[in-house]
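A short worksheet on the structure shown next.
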Amino acid sequence: MYQDVILDHYKHPHGRGLRDGDAEVHHVNPTCGDEITLRVKYDGLRIADVSYEGQGCSISQASASVLNELLVGKELSEARKIQSVFLELMQSKGQIEPDDAMEEVLEDAVAFAGVSKYPARVKCALLSWMAWKDATAQALGDGADESDDADEAVRKTA
Amino acid sequence: MYQDVILDHYKHPHGRGLRDGDAEVHHVNPTCGDEITLRVKYDGLRIADVSYEGQGCSISQASASVLNELLVGKELSEARKIQSVFLELMQSKGQIEPDDAMEEVLEDAVAFAGVSKYPARVKCALLSWMAWKDATAQALGDGADESDDADEAVRKTA
Amino acid sequence: MTAPRQGLPGLLDTEAIRKDFPILDRRLHDGKKLVYLDNAATSQTPRQVLDVLSEYYEQHNANVHRGVHVLAEEATALYEGARDKVAAFINAPSRDEVIFTKNASESLNLVANMLGWADEPYRVDRETEIVITEMEHHSNIVPWQLLSQRTGAKLKWFGLTDDGRLDLSDIDEIITENTKIVSFVLVSNIMGTINPVEAIVRRAQEVGALVLIDASQAAPHMVLDVQALQADFVAFTGHKMCGPTGIGVLWGRQELLEDLPPFLGGGEMIETVSMNSSTYAPAPHKFEAGTPPIAQAVGLGAAVDYLSSIGMDKIAQHEHILTEYAVKRLQEVPDLRIIGPTTAEDRGAAISFTLGDIHPHDVGQVLDEQGIAVRVGHHCARPVCLRYGIPATTRASFYLYSTPAEVDALVDGLEHVRNFFG
Amino acid sequence: MTAPRQGLPGLLDTEAIRKDFPILDRRLHDGKKLVYLDNAATSQTPRQVLDVLSEYYEQHNANVHRGVHVLAEEATALYEGARDKVAAFINAPSRDEVIFTKNASESLNLVANMLGWADEPYRVDRETEIVITEMEHHSNIVPWQLLSQRTGAKLKWFGLTDDGRLDLSDIDEIITENTKIVSFVLVSNIMGTINPVEAIVRRAQEVGALVLIDASQAAPHMVLDVQALQADFVAFTGHKMCGPTGIGVLWGRQELLEDLPPFLGGGEMIETVSMNSSTYAPAPHKFEAGTPPIAQAVGLGAAVDYLSSIGMDKIAQHEHILTEYAVKRLQEVPDLRIIGPTTAEDRGAAISFTLGDIHPHDVGQVLDEQGIAVRVGHHCARPVCLRYGIPATTRASFYLYSTPAEVDALVDGLEHVRNFFG
Ligand SMILES: Cc1ncc(COP(=O)(O)O)c(C=O)c1O
Ligand SMILES: Cc1ncc(COP(=O)(O)O)c(C=O)c1O
């Protein structure tokens with residue numbers, strides 16, 4: 001599961017540190033104590049910044065770094081699409097072999113495909129994504145939060 | 001376990017019915033709902049009467065009948081000896097083969113030797129004996145109740 | 001004694017089924033074949049379940065959750081997989097509504113305790129009422145007596161008719177606006193009565209009371225659909241449905257499980273703990289403190305697979321036919337009085353009776369000498385005995401492996417009992 | 001890496017012992033041998049216990065108590081026989097002091113609930129105080145937090161010293177005349193610390209407080225003598241001591257068990273039941289509602305036989321030697337920091353550590369890839385992590401079948417982890 005891409009992001013995280021934002025959330029993975037504090041800054045419906053600080057395993061740290069790299073600069077609708085594809089991959093229990101189309105959407109995040117085989121680690125990979133979703137809902141109002149799928153997914157792996 | 005002696009006592013119980021007494025107790029075997037109401041009448045330390053009424057299985061009924069036959073007319077000390085021998089027999093898990101000496105003390109009650117192999121039924125056989133002990137303690141004061149062995153024994157088979 | 005076995009179409013292939021149950025080959029008392037008619041107390045365990053248990057311990061044993069090693073992941077997958085199986089078996093809307101307990105008694109106590117510690121609108125307190133019935137198992141009486149003593153709530157109950165049914169004639173006085181919870185048995189373990197769920201649930205819903213159904217004697221014997229029942233909670237126990245001992249289930253509606261407070265504290269039921277305070281994991285984990293009965297849950301999953309492979313509808317039909325036959329044959333025995341419904345209509349396969357003046361202990365003992373295992377006593381339903389003025393009953397109870405020949409053996413055995421004490 | 005195995009006299013004959021545990025032959029990840037170092041989470045189950053479980057279900061399975069048929073009598077004798085074995089194992093003055101629960105968590109909750117509902121002088125209420133420690137398992141924290149919330153009693157605790165020991169310096173301020181109960185762990189599951197029972201018990205007795213000892217990590221590993229401990233209650237759990245899952249024990253002093261109220265209601269815990277009120281059976285039955293974990297108790301009895309046949313003193317010695325070796329070898333690993341005592345003195349065989357900045361999840365995962373099973377996380381003792389300012393630890397824990405070669409494998413594995421993330 002420890003793809004070089006993941007280790008790279010872990011050792012050299014993108015966009016780490018807390019910067020100015022519209023909303024801040026703090027998420028904890030009770031299973032292992034991974035924590036993240038994450039802020040989002042929106043420019044209309046465009047993601048101006050996702051900044052974060054936290055402690056956790058390589059998977060959760062790398063995942064936050066990948067998230068920053070993937071989402072910053074994107075429109076919310078586009079970011080949501082990326083998130084849902086990532087979610088699908090993480091729930092696949094190792095059954096999805098990412099194809100080119102998926103790789104186009106997820107870029108470095110396809111490296112997490114192998115993590116999906118390890119139920120205990122899926123939560124680590126999703127921690128920052130759940131935090132981002134939550135922070136976005138806070139920043140833009142609950143109306144922007146059109147689906148509960150992601151929370152459901154986390155629950156299922158509990 | 002159903003010796004003829006036991007069936008005889010069951011079908012033709014001795015001294016059944018409630019008569020005048022110094023103390024009355026009501027004992028229940030919670031396992032099967034056997035119940036007995038028992039009265040003792042003392043003449044000094046001599047057992048003048050043990051009268052009883054109750055419902056229950058052949059073993060508990062026959063045992064009360066045997067008790068009446070054995071104890072009425074005896075001195076308390078003698079009755080206690082009989083009771084403790086009976087108790088020993090009932091706790092023997094079928095290991096004691098009553099000898100002549102025991103038969104001399106227990107008379108018809110040796111027929112219960114076979115019952116001691118059936119833990120669930122030992123309580124039935126002991127119900128009236130526990131009631132007698134309890135009633136005696138009430139009639140003569142707790143000082144007369146020098147030992148807790150019998151209660152212990154019942155507890156052990158619970 | 002001839003057994004009109006040919007005349008009973010619709011029975012299961014018991015010859016094949018019995019091969020799955022090693023214990024049914026047991027010989028007793030110098031070679032007598034075991035006739036096991038004590039299924040309402042506990043069922044026997046098929047090879048398929050025993051194999052899964054052994055495999056669990058020999059291949060996958062680890063503590064569940066929080067583990068990153070292979071065994072821990074396998075054990076967790078097996079344990080949570082068992083939850084999926086049980087959820088499917090009872091048609092639960094969500095797997096998270098299935099809580100594993102140690103037995104039905106814990107499940108029932110769990111609900112009573114949740115309600116005692118709950119906030120409004122669920123809280124049971126001195127202003128409120130609890131409703132049960134006179135045919136409950138002690139495990140569905142004592143928890144409510146304790147709750148009533150400890151909160152001051154009033155305990156009320158439905159009485160019984162002479163033929164072993166619930167007397168619902170005064171339902172509107174018993175279930176009132178003050179009622180917070182109605183808890184009743186779906187199938188009576190002592191009389192076999194199947195109760196009219198719908199009428200009770202409808203009235204409870206009218207007044208906004210919660211409904212808990214004790215399905216301990218239903219889950220093993222019929223299709224159990226918690227959605228169709230429309231109850232709020234359903235409890236049952238593994239050892240009566242071909243599963244291991246040490247495992248029970250409480251199903252509860254998700255919103256309720258979210259709102260209600262935890263019962264036992266510790267282990268995996270938390271979200272985060274500090275010395276000053278803790279928060280709780282979402283259900284079902286909130287209600288599963290400590291290391292759960294892992295192997296036993298996995299075993300129950302295997303039991304549910306086993307039962308489903310035969311078909312719960314087929315099992316129900318088998319038992320119904322057998323019960324019809326047994327009720328008829330038993331009534332041929334002189335002085336035998338059935339306590340409970342005397343037809344197979346709306347009744348399960350547990351049949352209690354008295355035999356003249358012969359005490360059930362004696363009936364049971366003499367049957368045992370012939371290899372026939374029945375249960376005697378008050379069957380943890382003493383109020384039923386009180387209601388019918390009897391100290392105890394003898395109870396024969398059937399399951400998927402029971403046969404008409406075993407009914408015949410029972411009837412023959414009872415004749416012998418009568419002669420013995422006659 | 002050379003293992004000075006020759007230099008460790010006093011170890012058990014693990015080669016023979018390991019043959020008893022089928023799972024130790026498991027191969028993982030393309031044939032890697034399982035190195036099972038997660039014994040503090042759960043122990044593995046020997047063939048001797050599995051055979052007894054199978055035999056129970058295949059030969060004797062029945063519901064206990066109240067049965068007059070052969071199977072019921074056999075099952076009852078086996079179940080009650082297991083109680084005798086456990087009583088002897090912990091040197092209980094009476095077998096009736098041994099209560100079977102589903103796990104240690106239930107045992108601990110049972111005491112907390114008894115005290116909440118008790119009459120004076122035991123009753124915990126707003127005038128009184130509860131004392132625990134900062135190194136408790138969540139199962140010995142959350143029940144007391146719940147009790148404190150529900151009764152208004154004040155929850156206090158002993159803190160920890162930097163080297164993973166209880167800080168008893170303020171014992172007289174923590175345990176006071178208002179203290180009703182002191183509950184603490186005998187051996188910490190996260191740090192391995194063995195706590196000084198005597199000092200705490202002495203102070204508790206001085207003020208008339210009851211003492212509950214959580215022996216979950218002690219019962220499997222050392223001679224446990226409840227009389228020597230002088231506690232009022234002792235709790236432990238079957239699955240950590242070669243027994244099945246789904247079974248726990250609470251030992252309590254007989255007078256207390258007589259005086260204290262029941263917790264769960266139903267099934268066999270009664271003496272007599274009517275709709276209006278019930279009376280309770282004497283202990284231990286008073287505290288065993290419903291069908292108990294019969295097979296699991298019988299399995300625990302077999303586990304106790306197994307452990308005794310090897311000898312608890314020999315097991316303790318084996319683990320002590322191994323721990324001494326492991327503590328030494330682990331400290332050779334650069335950046336490794338042991339959380340808890342850094343010598344084998346007064347410590348059990350669970351060793352927690354951090355490895356530089358590498359998150360325990362990553363440590364555990366990379367060890368797992370080498371077949372080495374350790375536990376990572378807060379080990380249900382999050383306050384300890386908070387105390388030492390760490391999110392989690394990696395924990396290796398040993399048992400009677402663990403070997404110096406496995407310690408070496410762990411140390412090699414950790415080197416690999418460092419290189420991997422270095
Ligand atoms: C010290 C301690 N106490 C209590 C427990 C709880 O035991 P169980 O999970 O079996 O209830 C454990 C183990 O998980 C433990 O290590
Ligand atoms: C109707 C009913 N409810 C509850 C129970 C209690 O189940 P358990 O003993 O497994 O807790 C039983 C069986 O004993 C039962 O028959």
Side-chain angles (χ1 to χ4, degrees), chain C residues 22-23 26 28 41-42 44-45 50 54 57-59 61-63 66-71 102-106 108-109 134 138-139 141-143 145-146 157 239 244-246 264-267 270 273-275 278 289-291 293-296 361 364-365 368 373 375-377 380 382-383 386, chain D residues 22-23 26 28 41-42 44-45 50 54 57-59 61-63 66-71 102-106 109 117 134 138-139 141-143 145-146 157 239 244-246 264-267 270 273-275 278 289-291 293-296 361 364-365 368 373 375-377 380 382-383 386:
Chain C
I23 205 171
R26 222 356 247 277
L28 313 163
T42 206
Q44 295 304 341
T45 326
L50 299 181
S54 297
Y57 287 115
E58 288 175 11
Q59 296 285 329
N61 181 48
N63 213 324
R66 292 173 203 267
V68 296
H69 60 79
V70 173
L71 296 184
K102 70 173 170 175
N103 54 25
S105 301
E106 185 189 348
L108 297 164
N109 278 276
E134 206 174 355
H138 293 165
S139 294
I141 298 175
V142 183
Q145 290 179 337
L146 287 170
W157 55 87
H239 66 90
T245 58
L264 302 181
I270 56 95
V273 172
S274 72
M275 291 309 285
S278 302
T291 304
I294 307 171
Q296 293 72 40
H361 255 198
Q365 195 89 49
D368 174 65
R375 185 119 324 208
V376 300
C380 293
R382 188 163 172 272
L386 292 177
Chain D
I23 205 171
R26 228 347 254 277
L28 312 165
T42 205
Q44 296 303 341
T45 327
L50 298 180
S54 297
Y57 286 116
E58 289 175 12
Q59 296 285 330
N61 181 46
N63 212 323
R66 293 174 201 266
V68 296
H69 59 79
V70 172
L71 296 183
K102 69 173 171 177
N103 54 26
S105 301
E106 185 190 349
N109 279 275
W117 294 120
E134 206 175 356
H138 293 166
S139 294
I141 298 175
V142 183
Q145 289 179 337
L146 288 170
W157 56 87
H239 66 90
T245 59
L264 302 181
I270 56 95
V273 171
S274 72
M275 292 308 287
S278 301
T291 303
I294 307 171
Q296 293 73 40
H361 255 197
Q365 195 89 48
D368 174 65
R375 186 121 319 210
V376 299
C380 293
R382 187 164 172 271
L386 293 177

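Numbers restart at 1 for each chain; the letters A, B, ... are given by sequence-line order, proteins then strands.
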**OP:** Give the intermediate values and the outcome of side-chain contact (heavy atoms from CB on, under 4.5 Å) for residues C:R26 and D:L71.
**Re:** CA-CA 10 Å; C:R26 222 356 247 277; D:L71 296 183; 3.7 Å; yes

So do the side chains of [X] and [Y] get within less than 4.5 Å of each other, counting heavy atoms only?
X: D:H239; Y: C:I294; value: no
X: D:V68; Y: C:R375; value: no
X: D:E58; Y: C:I23; value: no

Original post:
Taking every heavy-atom pair that is under 4.5 Å apart, which of C:S278, C:G364, C:A104 has the most such pairs with chain D?
Top reply: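 Greatest number of close heavy-atom pairs with chain D: C:S278.
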
Would you give the length of the straight line joining atom [atom1] of [X] to atom [atom2] of [Y], rounded to the nearest 0.5 angstrom?
X: D:I141; Y: C:M275; atom1: CD1; atom2: CE; value: 5.0 Å
X: D:Q296; Y: C:T245; atom1: CD; atom2: OG1; value: 3.5 Å
X: D:S274; Y: C:E134; atom1: OG; atom2: CD; value: 10.0 Å
X: D:I270; Y: C:R382; atom1: CD1; atom2: CZ; value: 8.0 Å
X: D:T291; Y: C:E106; atom1: OG1; atom2: CD; value: 13.0 Å

Original post:
In terms of heavy-atom proximity below 4.5 Å to chain C, should D:L264 be classed as side chain, backbone, both, or neither?
Top reply: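 Both parts, backbone and side chain.
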
Subject >> Proximal component of D:Q44, with respect to chain C [non-hydrogen, under 4.5 Å] >> reply: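 Backbone plus side chain of D:Q44, per the 4.5 Å heavy-atom cut-off to chain C.
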
Original post:
Given that the side chain runs from C-beta out, which part of C:Q365 has a heavy atom under 4.5 Å from chain D: side chain, backbone, both or neither?
Top reply: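 The answer is both parts of C:Q365.
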
Original post:
Where on C:L386 is there a heavy atom nearer than 4.5 Å to chain D: the side chain, the backbone, both, or neither?
Top reply: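 Contact with chain D: side chain only.
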
**OP:** Check side-chain contact (heavy atoms from CB on, under 4.5 Å) between D:A373 and all other residues, then give those that pass, not counting sequence neighbours.
**Re:**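 Applying side-chain contact (heavy atoms from CB on, under 4.5 Å) to D:A373 gives C:H69, D:L34, D:Y36.
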
**OP:** Could you tell me which residues satisfy side-chain contact (heavy atoms from CB on, under 4.5 Å) with D:T45, sequence neighbours excluded, listed by chain and number?
**Re:**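 side-chain contact (heavy atoms from CB on, under 4.5 Å) check on D:T45 returns C:Y57, C:N61, D:V49, D:L50.
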
Given 3.5 Å as the limit, does a donor-acceptor pair link the side chain of [X] with the main chain of [Y], or not?
X: C:N109; Y: D:G265; result: yes
X: C:D368; Y: D:V70; result: yes
X: D:S139; Y: C:G267; result: yes

